[in-house]
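First up is the structure itself, then whatever we jot down about it.
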Amino acid sequence: WITGPSAIGSEDGTPSVIPDRSAPVAAPWSTGFENRFCNYTELAGYCYTDGDASNELVTSPVHSGQYAAAFRIDSDVPGGSHTRCVRQGVLPESAYYGAWYYIPEPTTTQGNWNLFHFRTGSDLSGTHGVMDVSLVNAGDGVALAVFGMGHKSIGDPVSRPLVPIGAWFHIQLYLKRAADMTGEVALYQDSEQLFEVTNLVTEDGDFGQWYVGNLADGLSPSASTLYVDDITLGPTL
């Protein structure tokens, strides 16, 4: 059930009709991994591992239900390490992208520690990164940060709260897609709006991909396991 883009993973093991991977991504949509990774694979999405990374279902910790997903990496791998799940197609013009995360131990970063990643392009075979929700060092811990086109920081990170360690926290990103200066971005942590920025270019392609999981280089300690549950995509918070 942790498989590539062509996988079929129905509840009872029978084949399912997978929509075209470039079709519009319907919202609302959610997964709490109660149907394993099938809520990705049956909708033309996929989950993957890179190098020594791994992902699996776990029964503890979970935010709700019976299962969550564990995304394990070793950031000492040259070039970093990553394992994530991907929805792809024509993303909604505007939507809230959310997930619950659990970080089990204090970790600092000297590089890129990415949680959400968005890519766009004229087709899904040639996408490039346009938006990131990542973790950055802040005081005695780490805090959420958003990077847009050209990996430029969006919003003021100074006043953002630290994310908790050993407890679930909720990330939501409001994204209005636009190839001109009409795009919008807002970041929420545990239902509190951390910032809102308007009049942005937020993409430059018709097709998009939304990655959720764990990607990093330069972590201390280098091994990182992030637990993810209750991923949502919808028109409201």
Side-chain angles (χ1 to χ4, degrees), residues 24-34 39-40 43 45 47 61-65 68-69 71 84-103 112-120 129-136 138 141-149 151-178 182-200 202-203 208-215 226-237:
V25 174
W29 168 84
S30 65
T31 183
F33 300 102
E34 303 306 296
N39 288 338
Y40 278 96
L43 293 174
C47 298
V62 298
H63 176 254
S64 69
F71 294 92
R84 303 185 283 196
C85 290
V86 184
R87 287 300 315 271
Q88 60 183 348
V90 180
L91 297 175
E93 180 180 348
S94 62
Y96 291 85
Y97 300 81
W100 287 84
Y101 269 79
Y102 184 102
I103 303 174
N112 179 23
W113 193 4
N114 180 252
L115 308 182
F116 290 3
H117 178 58
F118 294 84
R119 301 178 69 84
T120 64
V130 292
M131 186 75 59
D132 292 284
V133 178
S134 301
L135 292 169
V136 295
V142 290
L144 296 173
V146 178
F147 300 91
M149 299 284 289
H151 204 65
K152 294 181 180 179
S153 179
I154 298 176
D156 180 7
V158 174
S159 60
R160 294 177 200 167
L162 300 181
V163 300
I165 304 301
W168 288 96
F169 63 96
H170 195 202
I171 304 168
Q172 289 173 294
L173 180 76
Y174 171 74
L175 174 60
K176 180 183 177 184
R177 299 169 50 234
T182 62
E184 300 178 20
V185 174
L187 179 66
Y188 298 79
Q189 180 177 325
D190 293 328
S191 299
E192 176 186 353
Q193 187 182 89
L194 305 187
F195 72 82
E196 180 181 23
V197 179
T198 61
N199 302 320
L200 293 172
T202 56
E203 67 161 26
Q209 295 169 312
W210 176 35
Y211 291 66
V212 177
N214 192 4
L215 175 150
L226 296 182
Y227 299 92
V228 181
D229 205 354
D230 295 327
I231 301 172
T232 56
L233 168 59
T236 60
L237 284 171

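Throughout, numbering of the chain's residues begins at 1 and tracks the sequence. Fair warning: this is a prediction, and the values are worked out from it, not measured in the lab.
- H63 pairs in a ring-ring contact (aromatic ring centres under 6.0 Å, His included) with only one of the listed residues (Y102, Y227, W100, F33), which is W100.
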Tabulate below the donor-acceptor pairs under 3.5 Å that side-chain atoms of residues 162-174 make, not counting sequence neighbours, or state none.
unit_1 : atom_1 : unit_2 : atom_2 : d
W168   : NE1    : V62    : O      : 3.2

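- For the residue pair A178 and G183, the shortest heavy atom distance occurs at CB-N, 3.4 Å.
- The structure places CG of L144 at 5.5 Å from CG of L135, a figure rounded to the nearest 0.5 Å.
- Evaluation of the side chain to side chain donor-acceptor pair (under 3.5 Å) rule for D132 yields N114, H117 as partners, not counting sequence neighbours.
- With rounding to the nearest 0.5 angstrom, the CD atom of E184 is 5.0 Å from the NZ atom of K176.
- Partners of W210 under the side chain to side chain donor-acceptor pair (under 3.5 Å) rule, at least two apart in sequence or in another chain, do not exist in this structure.
- Between I154 atom CD1 and L187 atom CG the span is 10.0 Å, to the nearest 0.5 Å.
- If you take CZ on R119 and CG on L91, they are separated by 13.0 Å, rounding to the nearest 0.5 Å.
- Interatomic distance, CD of E93 versus CG of L175, reported as 10.5 Å (0.5 Å rounding).
- When all heavy atoms of G234 and A27 are compared, the pair lying nearest together is CA-CB, 4.1 Å.
- Legend: residues meeting side chain to side chain contact (heavy atoms under 4.5 Å, CB included) with A99, ordered by chain and number and at least two apart, are Y101, F116, V212, V228, I231.
- From L233, atom CG reaches atom OG1 of T31 across 12.0 Å, with rounding to the nearest 0.5 Å.
- Summarising the geometry of R160 relative to A145, their closest heavy-atom pair is NH1-CA, 3.1 Å, with the distance given to 0.1 Å.
- Residues passing the side chain to side chain donor-acceptor pair (under 3.5 Å) test with Q193 are Y188, sequence neighbours excluded.
- Here the side chains of L194 and V146 are not in contact, with every heavy-atom distance at 4.5 Å or above.
- Under the side chain to side chain donor-acceptor pair (under 3.5 Å) criterion, T202 pairs with no residue, sequence neighbours left out.
- The shortest heavy-atom contact between T232 and S30 is CG2-CB, 3.9 Å.
- When every heavy atom of N112 is checked against every heavy atom of S134, the shortest pair comes out as OD1-OG, 3.8 Å.
- With M131 as the partner, the side-chain contact (heavy atoms from CB on, under 4.5 Å) test is satisfied by one option alone out of Y97, F118, F147: F118.
- For R177, the salt bridge (Lys or Arg N to Asp or Glu O under 4.0 Å) partners two or more places apart in sequence, or in a different chain, are E203.
- Between Y211 and R84 the shortest heavy-atom distance is CD2-NE, 3.5 Å.
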